[in-house]
Amino acid sequence: MSEQPATADHARQQLEPAAADGLRAYAARTRENADRLAAVLEDIATNGLPSVEDCTPWEELREAHLARLAAQSPAVA
């Protein structure tokens, strides 16, 4: 995105305060997730890959994630 201010020809439409707050919260979560991923990648670059014994099989991760999703959304009749 450009760091230049909008010109009079291209005035920006202001968001409602609640929408702006929601967007800021989403940006903060996205930044936090990116920082977490970067830390993991830096650790791998410094220390190498973890041993297989220290890892969780992807099937277990998938099932846990599906269970979380099922708990969050109401059942469809």
Side-chain angles (χ1 to χ4, degrees):
M1 308 254 353
S2 175
E3 295 295 324
Q4 298 174 353
T7 63
D9 294 344
H10 299 92
R12 293 182 170 210
Q13 179 180 353
Q14 294 297 312
L15 297 175
E16 294 291 326
D21 290 343
L23 194 55
R24 285 185 194 96
Y26 176 75
R29 287 190 308 272
T30 302
R31 188 175 296 111
E32 182 179 309
N33 289 337
D35 289 344
R36 190 176 308 126
L37 175 60
V40 168
L41 295 175
E42 289 171 353
D43 179 70
I44 291 171
T46 302
N47 302 308
L49 291 169
S51 68
V52 173
E53 294 80 21
D54 292 335
C55 296
T56 304
W58 72 269
E59 295 92 348
E60 290 181 27
L61 297 172
R62 179 194 63 208
E63 293 303 320
H65 183 65
L66 290 174
R68 280 193 306 273
L69 290 175
Q72 288 177 358
S73 53
V76 177

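FYI, the numbering just counts along the sequence from 1.
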Pair up each side-chain donor or acceptor in residues 35-42 with any protein partner under 3.5 Å, not counting sequence neighbours, and list the distances.
residue : atom : partner : partner atom : Å
Arg36   : NH1  : Asn33   : OD1          : 3.1
Arg36   : NH2  : Glu32   : OE2          : 3.0

Please list every donor-acceptor pair under 3.5 Å in which a side-chain atom of residues 59-71 meets a protein atom from a residue at least two apart or in another chain.
residue : atom : partner : partner atom : Å
His65   : ND1  : Arg68   : NH2          : 3.2

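For Arg31, there are no side chain to side chain donor-acceptor pair (under 3.5 Å) partners two or more places apart in sequence or in a different chain. Leu23 is linked by a side-chain contact (heavy atoms from CB on, under 4.5 Å) to Leu15, counting only residues two or more places apart in sequence or in another chain.
In the hydrophobic clustering, where aliphatic and aromatic side chains (Ile, Leu, Val, Met, Phe, Trp, Tyr) are joined below 4.5 Å either directly or transitively, Val52 stands alone.
Counting only residues at least two apart or on different chains, the salt bridge (Lys or Arg N to Asp or Glu O under 4.0 Å) pairs with a member in residues 14-30 are Asp21-Arg24.
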